[in-house]
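What follows is one structure encoded as C-alpha cells, with my remarks underneath.
Residue numbers count from 1 along this sequence.
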Amino acid sequence: MRKIFVIILAYLFSTPAFAQIKFSDETKKYIEYNDTVMVFKNALLIDGKGNAAKPNQTVIISKGKINWVGDDAKAIIPKDTRIIDLNGKAMMPGLVMLHEHMYISAHSITPRYLHLKQLPFSFPRLYLAAGATTIRTCGSIEPYSDLRIKKDIDLGIIPGPSIELTAPYIEGKETIFPQMKENKTPEEAAAFVNYWADQGFTSFKAYMGVDKPTLKAAIDAAHKRKLKITGHLDIVTYREAAALGMDNLEHGFIASTDFVVDKKENEHPAAGSAIKSLGNLDIESDSVKQFIQNLIDKKVGITSSLAVFEGATTTQPLPVEDAVNAMSPDTRDFYLKRLVSVKSAKGPTDWDKAFVKATKMEKLFYDMGGLLTVGTDPTGNGGTLAGYGNWRAIELLVEADGFTPLEAIKIATLNGAIALSFDKTIGTIETGKSADLLIIDGDPSKKISDIRKVVYVFKSGVGYNSKKLFESVKGKVGFN
Ligand SMILES: [Zn+2]
C-alpha cells in the first residue's frame, strides 16, 4: 500500500501540469525531456556572465525554472526525480539572438522587391535546434504570419524559440522596397507605431529611409508605450539617432553613415560611400573614440551581425556542408552562384576593408563599456540561415572581433537579455531564472565552435533534441 502511494506521488509530481502547454504530436516528436523536476549533475557550467567554466556542477530545475545551482557535493537531490549525469558535458544558457527574421533572401525575378521568403516551417525549428531559446525578429515582412508563428510556438503547436516580435520596418517618405509602407509625415510614423503595437508587436525597427523628424516621432511613439526601438539607418547618422533617444542600432558599425565626408543632413549618402568611409577610417583616432563614447553615454546598444556581412567579403570561408544540405535546391543554387561571384572579386574590396574596421569598432565599443549584442540577419547572399547562422555570428565575435569565447557567450546570452530588459528571467544560469539551457558535447568556453555540438536545448525546462530538429528541415530551407 505504502509503495503504491509513493508511486502515485511520484507520478503526480512528474506530471507537467505547471506548464499548461499541450504540445502537439508534431512538437512532441522533438521533446526528449519534460519532467516537472529534473537534476543535471557533473556539468561543466558556463554561467553566461563571463565567469570561467566550473566543473562538477549540479543544476536542479523545477516547473520550468532553475531551482538550485552549485557543487555536486553540496546538492540535495529531491527524491524520485530524473537525474541526468552530464559526464563533463558543458551546460550554458540558451542563446538570446537579436537580429533574426522569419524570412530568408530567396531567388526571385521580380525587380525592386526585397527578395524574401517567409519560412514558418523551417526557421523556428532551426533557431531552436541551434540553441536560440529567445530571438527578436528584427523587422517584419509578413507581420500577421509572424504573430501567428509566435502564438503557435507558445501554444506548443510548433517547436520554436520564444519570440520578441518586431513590427514591420518603419520607413520614411520614400522606400526602395515595395513591401514597406512609406510614412510621409512624422504623424504617420507615430500612427504606424501605434497600429502595430495594438496588433501585439512589442519592439520596433526604423529603416534606412527615415529622416530625423520621422525617427523622432517613431521613437517618441514607441517610448510612450514603453517599447524599445532599434534601427538600420542610413539617412540618420548614429550620432543623430543617439541624440534623438534611440535604444539600439543594428549591424555593428557597418550601417553607420557618420564618417561620410560630404553627407548632407536628412539625406542619404551617395551609394557605397558609407562602406568606403568605414574602410578608410582611422580606428585609433580620437574622433572614433569620441563617437563611440557618445553612443555609450547615451546608452545606445549595438547589435553585431557579422555573419551576414561576412557573406559580402572575398575572405569568407567556404560554406558549412550541413547548412548547404539544409537548403532546398533553388535556394542552394541561388546562394552558391552568388557566393562564387562575390568570392571571385579581386580583394581587398571596399567590403573587405569595411568588415575588418567594423570588427575593431565592435571590440572597442565593448571594451569601453558599451552594451554589445549579437544577431544573425538571415538575408544577404542567402547563405546565412537561422540556426547555422546563429553559430557563425557568435564564432565571428571570437575569430574576427577578438573576444574570448567566454565574452562571446556573454554577448550572446546575458547581453541579449539585458538589451531586451529580460535579464531578470533569462540570459544566465542562476536560481529563479527560466530553465533555458543548452547541453553541449564539448567546451565552448575554450573553443567557441563547440557551440555547434549542442545536443539538447531546454526551453522553460522542456528539453528538445537538437539533431532531430535539424533533420526535420533538411533540404527544405528556403521552400518551407
Ligand atoms: Zn535584418
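By the 6.0 Å contact criterion, NZ on K474 is open, its count of non-hydrogen atoms from other residues, nucleotides or ligands being 12 or less. Within 6.0 Å of atom OH in Y33, more than 12 heavy atoms from other residues, nucleotides or ligands are found, so the atom counts as buried in its surroundings. In the displayed structure, K447 atom NZ is contacted under 6.0 Å by at most 12 heavy atoms of other residues, nucleotides or ligands.
Checked for salt-bridge contact, K89 and D450 miss the test: no charged N lies under 4.0 Å from a carboxylate O. Residues E164 and K228 are not paired through a salt bridge, judged by the lack of any N-O separation under 4.0 Å between the basic side chain and the carboxylate. Salt bridge status for E26 with R125: present, with a side-chain N to carboxylate O gap under 4.0 Å.
Put simply, CE on M368 and NZ on K363 are 12.5 Å apart, with the number rounded to the nearest 0.5 Å. Considering CD1 of I451 and CD1 of I46, their distance stands at 10.5 Å, rounded to 0.5 Å.
Without hydrogens or angle criteria, E471 side chain to L469 main chain gives no donor-acceptor distance under 3.5 Å. Here the side chain of D436 pairs no donor or acceptor atom with the backbone of K459 at under 3.5 angstrom.
Listed by first then second residue, pairs satisfying salt bridge (charged side-chain N to carboxylate O under 4.0 Å, His left out) with a partner in residues 388-401 read E310-R392, R392-E395, R392-E399, E395-R452, not counting sequence neighbours.
Of the residues listed (S162, P161, P159), the one engaging I153 in a side chain to side chain contact (heavy atoms under 4.5 Å, CB included) is P161, and it is the only one.
A search for salt bridge (Lys or Arg N to Asp or Glu O under 4.0 Å) contacts involving D154 returns K150, not counting sequence neighbours.
Ring-plane geometry between F291 and F253 is classed as perpendicular, the angle between the planes exceeding 60 degrees on a 0 to 90 degree scale with a lower cut at 30. Below 30°, between 30° and 60°, or above 60°: for Y169 and H101 the angle between ring planes is below 30°, a parallel geometry.
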